[in-house]
Chemist: 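Shown below is the structure under consideration.
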Amino acid sequence: VQLQAFGGGLVQAGGSLRLSCAASGRTFSNYVMGWFRQAPGKEREFVAAIRWIGSRIYYADSVKGRFTISRDNAKSTVYLQMNSLKPEDTALYYCAAKLGSATMSPGDYDYWGQGTQVTVSS
C-alpha cells in the first residue's frame, strides 16, 4: 500500500490550499482515509476523515467550516481543501488509511504517506 500526499506550500493567512493523497496498492473500498497534521513540538493530531464508500465524513472542531475532505474513487485520490487558513494551521500534513470505522487516533491507522508541509504566514 502506498499513499502519496502532495499540494502543500506557503500561503498567507486567509488563503487556501488543496492537498491531495493518491492511494495505490490495493482496493480501498473498506478503508477510511484520514488527514492528520503535526506542528513542531506538538503531537500528531486528527484533521479529517472520509470513507471510500458512503457519505460519512468527520472533522476536527478546529477545522470545521474551513476545511473540506472529499474523494475521487476513480482516481483513488482523497483531497483536503483548506480555506481561511490561519497561522496555527502550519504543520506537516499526512494522509493515512485504516480498515473499519473512522477514528481520530493516529495509532489506529495502518498506512501513512509522507508528509506535505503547509506554512501559513501572518
Chemist: Please confirm whether the backbone N or O of Val120 pairs with a side-chain atom of Thr90, one donor and one acceptor, at under 3.5 Å?
Modeler: yes

Chemist: Has Tyr109 got a side-chain atom pairing as donor or acceptor with Cys95's backbone, closer than 3.5 angstrom?
Modeler: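 Checking the backbone N and O of Cys95 against the side chain of Tyr109, no donor-acceptor pair under 3.5 Å is found.
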
Chemist: Looking only at non-hydrogen atoms, find the nearest pair between Trp35 and Cys21 and report the distance.
Modeler: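 That would be CZ2-CB, 3.6 Å.
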
Chemist: Rounded to the nearest 0.5 Å, how far does OG1 of Thr116 lie from OH of Tyr94?
Modeler: 10.5 Å

Chemist: Establish whether Ile50 and Tyr111 are linked, either directly or via other cluster members, by ILVMFWY side-chain heavy-atom contacts under 4.5 Å.
Modeler: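 Linked, Ile50 and Tyr111 end up in one cluster.
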
Chemist: Output the distance between atom OG1 (Thr77) and atom CG (Leu3), rounded to the nearest 0.5 Å.
Modeler: 10.5 Å

Chemist: Between Arg66 and Leu85, which heavy-atom pair has the shortest distance, and what is it?
Modeler: NH1-CA, 3.9 Å

Chemist: Looking at every non-hydrogen atom in both residues, tell me the closest pair between Val63 and Val47 and how far apart they are.
Modeler: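 In terms of heavy atoms, the two residues are closest at CG2-O, 3.5 Å.
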
Chemist: Can you get from Met33 to Leu99 by hopping between Ile, Leu, Val, Met, Phe, Trp and Tyr side chains that sit under 4.5 Å apart?
Modeler: yes

Chemist: To the nearest 0.5 Å, what is the distance between CG (Asp110) and NZ (Lys98)?
Modeler: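 Going from the CG atom of Asp110 to the NZ atom of Lys98 covers 7.5 Å.
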
Chemist: Within the side chain of Tyr59, is there an N or O that forms a donor-acceptor pair under 3.5 Å with the backbone of Ile69?
Modeler: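 Yes: the side chain of Tyr59 pairs with the backbone of Ile69.
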
Chemist: So, does Arg51 use its side chain to make a donor-acceptor pair with the main chain of Ala102 at under 3.5 Å?
Modeler: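 Answer holds: no.
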
Chemist: May I ask whether Leu17 and Tyr93 are part of the same hydrophobic cluster, defined by side-chain heavy atoms of I, L, V, M, F, W, Y residues being less than 4.5 angstrom apart, directly or through others?
Modeler: yes

Chemist: Got a second to check how far Arg71's CZ is from Trp52's CH2, nearest 0.5 Å?
Modeler: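 One finds 8.0 Å between CZ of Arg71 and CH2 of Trp52.
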
Chemist: Measure the spacing between CG of Asp108 and CZ of Phe46 and express it to the nearest 0.5 Å.
Modeler: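 CZ of Phe46 is found 11.0 Å from CG of Asp108.
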
Chemist: Under a 3.5 Å distance rule, please check whether Gln114 uses its side chain to pair with a backbone N or O of Ala5 as donor and acceptor.
Modeler: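 Between the backbone of Ala5 and the side chain of Gln114 there is a qualifying donor-acceptor contact (under 3.5 Å).
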
Chemist: For Glu88, I'd like to know if atom CD has over 12 heavy atoms of other residues, nucleotides or ligands within 6.0 Å.
Modeler: yes

Chemist: Membership question, hydrophobic clusters at under 4.5 Å side-chain separation (ILVMFWY): are Met104 and Trp112 in the same one?
Modeler: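 In one cluster with Trp112: Met104, yes.
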
Chemist: With a 4.0 Å cut-off on N to O distance, would you call Asp61 and Lys64 a salt bridge?
Modeler: yes

Chemist: Do you know the tightest heavy-atom contact between Arg37 and Ala91?
Modeler: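 Answer, listing the atom of Arg37 first, then Ala91: CB-CB, 3.8 Å.
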
Chemist: Before you tell me yes or no, could you show the steps for Met82 and Asp89 under side-chain contact (heavy atoms from CB on, under 4.5 Å), namely the whole-Å CA-CA distance, both residues' side-chain angles and the distance that decides it to 0.1 Å?
Modeler: CA-CA 9 Å; Met82 306 185 294; Asp89 294 318; over 6 Å; no

Chemist: Rounded at 0.5 Å granularity, tell me how far OG in Ser122 sits from NZ in Lys86.
Modeler: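 Answer rounded to 0.5 Å: 14.0 Å.
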
Chemist: Distance under 6.0 Å and angle within 45° of the ring axis: does Arg18 meet both against Tyr79?
Modeler: yes

Chemist: Give the cluster check for Val78 versus Val1: same hydrophobic cluster or not, with ILVMFWY residues linked at side-chain heavy-atom distances below 4.5 Å.
Modeler: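 In one cluster with Val78: Val1, yes.
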
Chemist: Specify the closest pair of heavy atoms between Ala48 and Leu80, including all atoms of both residues, with the distance to one decimal.
Modeler: CB-CD1, 4.2 Å

Chemist: Which pair of heavy atoms, one from Leu19 and one from Gly8, lies closest together, and at what distance?
Modeler: CD2-N, 3.5 Å

